[in-house]
Amino acid sequence: MAEAGEILTGLRERDVLFGLGSSIYDWADPFGKLFLQTLAMVAEFEANLNHLRTREGMAKARAKGRLKGKQPKLPLAARKTIHRRYHDPADDASLADLAEEYSVGRSTIHRIISGTTPRA
């Protein structure tokens with residue numbers, strides 16, 4: 001609603017009129033302002049309903065095991081190997097070397113070696 005108010009104010013300052021069907025609404029007129037604010041409230045209500053429905057659908061899918069989120073780029077065995085190789089002093093593997101070898105970004109390798117990537 002705050003953003004809609006800013007838009008209405010900007011349009012009023014530029015003397016823009018709003019036409020719907022055969023009616024023209026003036027932003028400065030109290031009825032026109034009420035009508036346009038009501039439209040903005042209905043739009044916000046519809047957006048909130050859509051958000052609620054989406055969350056409900058995701059919860060149902062998650063309960064049925066159909067919504068698992070983004071899958072890891074590398075299988076568990078590869079992640080374990082990367083972790084072991086990076087922390088092994090005998091293996092001179094750097095982040096860049098491992099990223100190139102496994103065809104992933106350095107940030108992916110960093111998440112694996114720092115332990116912020118799920119292990120299972």
Q | CG (D88) with more than 12 external heavy atoms under 6.0 Å | A | yes
Q) Do other residues, nucleotides or ligands put more than 12 heavy atoms under 6.0 Å from the CD atom of E3? A) no
Could you tell me the separation between the [atom1] atom of [X] and the [atom2] atom of [Y], rounded to the nearest 0.5 Å?
{"X": "L36", "Y": "M41", "atom1": "CG", "atom2": "CE", "value": "12.0 Å"}
{"X": "I109", "Y": "S114", "atom1": "CD1", "atom2": "OG", "value": "11.0 Å"}
{"X": "L17", "Y": "S23", "atom1": "CG", "atom2": "OG", "value": "12.5 Å"}
{"X": "I112", "Y": "T108", "atom1": "CD1", "atom2": "OG1", "value": "6.5 Å"}

Q: Only pairs at least two apart or in different chains count here, so list each salt bridge (charged side-chain N to carboxylate O under 4.0 Å, His left out) that has a residue in residues 97-110.
A: R85-E101
Q) Under the salt bridge (charged side-chain N to carboxylate O under 4.0 Å, His left out) rule, what pairs show up with a residue in residues 8-17, not counting sequence neighbours? A) none
Q) Among all residues two or more places apart in sequence or in another chain, which pass the side-chain contact (heavy atoms from CB on, under 4.5 Å) test with L67? A) M58, A61, R62
Q: Under the side-chain contact (heavy atoms from CB on, under 4.5 Å) rule, collect the residues that match up with A78, sequence neighbours excluded.
A: L74, P75, Y102
Q: Please list, chain by chain and in numerical order, all residues satisfying ring pair (Phe, Tyr, Trp, His ring centres under 6.0 Å) with Y25, sequence neighbours excluded.
A: F35
Q | Partner residues of H51 under the ring pair (Phe, Tyr, Trp, His ring centres under 6.0 Å) criterion, sequence neighbours left out | A | none
Q. Looking only at heavy atoms, what is the nearest atom pair of I113 and H87, with distance?
A. O-CE1, 3.3 Å
Q.
So which atom in L34 and which in T38 form the shortest heavy-atom distance, rounded to 0.1 Å?
A. O-OG1, 2.7 Å
Same hydrophobic cluster for [X] and [Y], using side-chain heavy-atom links shorter than 4.5 Å among ILVMFWY?
{"X": "L11", "Y": "L20", "answer": "yes"}
{"X": "F18", "Y": "I24", "answer": "no"}
{"X": "L39", "Y": "F31", "answer": "yes"}

